[in-house]
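Position 1 is the first residue of the sequence, and the numbers go up from there.
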Amino acid sequence: LVQLSIGSVYAWSMWNAPLTREIGVVASAADDWSLGTIFPVFSTCAVCLGMTTFFLGPWAEKSGPRLTATVAGVAWGLAQMVTGLGIYTHNISLLYAGYGLLGGLGWGLGYISPVSTLMRWFPDRRGLATGLALTAFGGGAVLAAPLIQNLCELFFVAPTFLGAESDISMITKDAVQYVNMDGGLKEVVVASATDVAKLPGDLSPGVYLAGTGSTGTAKSFGVLGMLYGTGMILGAFGNRVPAQDWKPEGWTPPKDTSMISQKDVDHSTALKTPQFYLLWTAVMGNAVAGMTLMTSAKTMMTDVFSVGLPLVVTGAFATTYVSALSAANSAGRIGWSALSDVIGRKNTYALFGLSIPMALAVPHLTSYFSSNPSAAPLYLFYGGTFVMLSFYGGLFSTLPAYLADIFGQRYVGAIHGRALTAWSAAAVVGPNALAYLRKDSHFKAIQGLTDNIDPQIFQKSFGAPISELTELVEKNTVTIPRLMEIAPLGTMDPTPTLYDSSMYAAAGLLSISLLANLMMKPVDPKYHVKEDNMDKDMNKDKL
């Protein structure tokens, strides 16, 4: 229950679209949040995850998994509720305080609570044991994605429809479109056929009054807060730790220990070793690709493929895609971690380098799809990203055992907490780099479309000249779907290519992580804990 609940973090991409149209509901209004504003909320959560595991890892190790998981449940439940309040009041600071700070605290404590305990129960199958526990975490979004979709649809309220665009007289002022209504100017949004096709209900393209209606996200977060908080606290009571001298009956340590330390390195000394930073780099680079996909999965799927295959790539299809990626994440956690018990952690991490050609292939698939819309690129993309997310899952489920092999079992919980700062770094770099690169590609795509549009037609549609394009784009008045409606016949929709530069950047970071892993070797004995210090530490333990 604990891991399933915090695993819902991987369904973050389900929130991207509705959070960028909280005011406009059917399309983004001038004061709606942008993706560049939304992505850092998730990144803040991940940074707080890293800070939590870094500073509270030793506390969690001493306090035990039951108390740690209980605190995690309280924090994660409150995080959802505060986030819902922030959405309801349209206060971005509350999103950062809720999902960012409280969510990161709950995520971090909930994630590390079972790791060290399970490796103590199963020293003979470290990789499989942590893989099994973290499989539930990786699969959290399998349940969360459809739950979020259904809750948002349940609480969705359509805004006031004013009529077809051709029937409504609009005024453009400061790059924002208004109608003269009830003796004053009221902001409106214009929803294209593409926009309304992604929304619940039978909505018509046209002009809608901003500030009316609801995407349903605020209430959805409130409900999820109660569900997750209750479930995690109940799940916390099932945690137990083994006796200090516990070991499986008949188990003997493996004979080949060339990459498995029989000595221990404490959590402070580990930070002085080159192995810690090499492994940190290997994790960070690999995690960027997975984190980028997980935080933008639904957005990417609809942006890239719904244009060419609108009857196939519906909202339900995109939701299923998010669930499938979560299933890949979950399967990878148990599959790759179990394999690592056979072929070794270093070799398993080397296999994750196969993500490099997959990332490089995505721009070629989207380019082909733009000119030849068909199911083949869609399913190749689907399959390739599925495999990449399985690598991402295996990366983290194998990490505790990799750390135990390198630094010994004794302090692995605290060292694991410090190593997870690589995850936080990936969550900052990945989503924010994606937002920046996508924004840059988006504006260049709009510029390319306007170059082929008659200036008079542009003026008539948006109530402003092309010379004000930058301001019109910033206020969400000019969008690619609206430009495509007035573009010359045969104009290619550039939306599928918006993520090309992001994939090339991810491939570069994946290459660096592969090199870091290949440089790993056993820790120098000078870093090992002396036996007399070990005895003192063991006497201080709380089981």
Worksheet entry | Evaluation steps, side chain to side chain contact (heavy atoms under 4.5 Å, CB included), between V304 and F381 | CA-CA 10 Å; V304 174; F381 175 84; 5.7 Å; no

Show the nearest heavy-atom pair for residues [X] and [Y], with the distance to one decimal.
X	Y	value
G104	C48	CA-CB, 3.7 Å
S337	S397	CB-OG, 3.5 Å
N329	G393	OD1-CA, 3.0 Å
A359	A507	CB-CB, 4.1 Å

Can you tell me how the ring of [X] sits relative to the ring of [Y], calling it parallel under 30°, perpendicular over 60° and tilted otherwise?
X	Y	value
W107	Y10	perpendicular
F317	Y379	perpendicular
H364	Y504	perpendicular

Worksheet item: Taking the six-membered ring for Trp, is the centroid-to-centroid distance between Y349 and F352 below 6.0 Å?
Response: yes

Worksheet item: Would Y392 and F396 count as a close aromatic pair, with their ring centres under 6.0 Å?
Response: yes

Using 0.5 Å steps for rounding, measure from the [atom1] atom of [X] to the [atom2] atom of [Y].
X	Y	atom1	atom2	result
N347	L518	CG	CG	9.5 Å
I343	L339	CD1	CG	4.0 Å
S220	L147	OG	CG	8.5 Å
T83	N91	OG1	CG	11.5 Å
T44	L49	OG1	CG	12.0 Å
M81	L102	CE	CG	11.5 Å

Worksheet entry | F221: which of I87, I148, L151 passes side-chain contact (heavy atoms from CB on, under 4.5 Å) | I87

Side-chain H-bond candidate by donor/acceptor type, [X] with [Y], under 3.5 Å:
X	Y	result
T421	W280	yes
S323	T320	no
T497	D500	no
S340	R345	yes
W15	T217	no
N16	S296	no

Discussion item. Quick test of your reading: applying salt bridge (charged side-chain N to carboxylate O under 4.0 Å, His left out), list the pairs with at least one residue in residues 413-438, sequence neighbours left out, ordered by first then second residue.
Written reply: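 Residue pairs passing salt bridge (charged side-chain N to carboxylate O under 4.0 Å, His left out), neighbours aside: D303-R438.
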
Worksheet entry | Intermediate values then yes/no, side chain to side chain contact (heavy atoms under 4.5 Å, CB included), L365 and F305 | CA-CA 11 Å; L365 284 176; F305 295 104; 5.8 Å; no

Discussion item. F276 vs V265, test: side chain to side chain contact (heavy atoms under 4.5 Å, CB included). Steps then yes/no.
Written reply: CA-CA 11 Å; F276 179 85; V265 179; over 6 Å; no

Practice prompt. Look at atom NZ of K439 and say whether more than 12 heavy atoms of other residues, nucleotides or ligands are closer to it than 6.0 Å.
Written response: no

Worksheet item: What do the steps show when you test L56 against T68 for side chain to side chain contact (heavy atoms under 4.5 Å, CB included), and what is the final call?
Response: CA-CA 10 Å; L56 296 183; T68 302; over 6 Å; no

Worksheet item: Side chain of S63, backbone of A60: donor and acceptor closer than 3.5 Å?
Response: no

Worksheet item: Can T385 and Y321 be said to form a side-chain hydrogen bond (donor to acceptor under 3.5 Å, both in side chains), step by step?
Response: CA-CA 10 Å; T385 53; Y321 174 63; 2.9 Å; yes

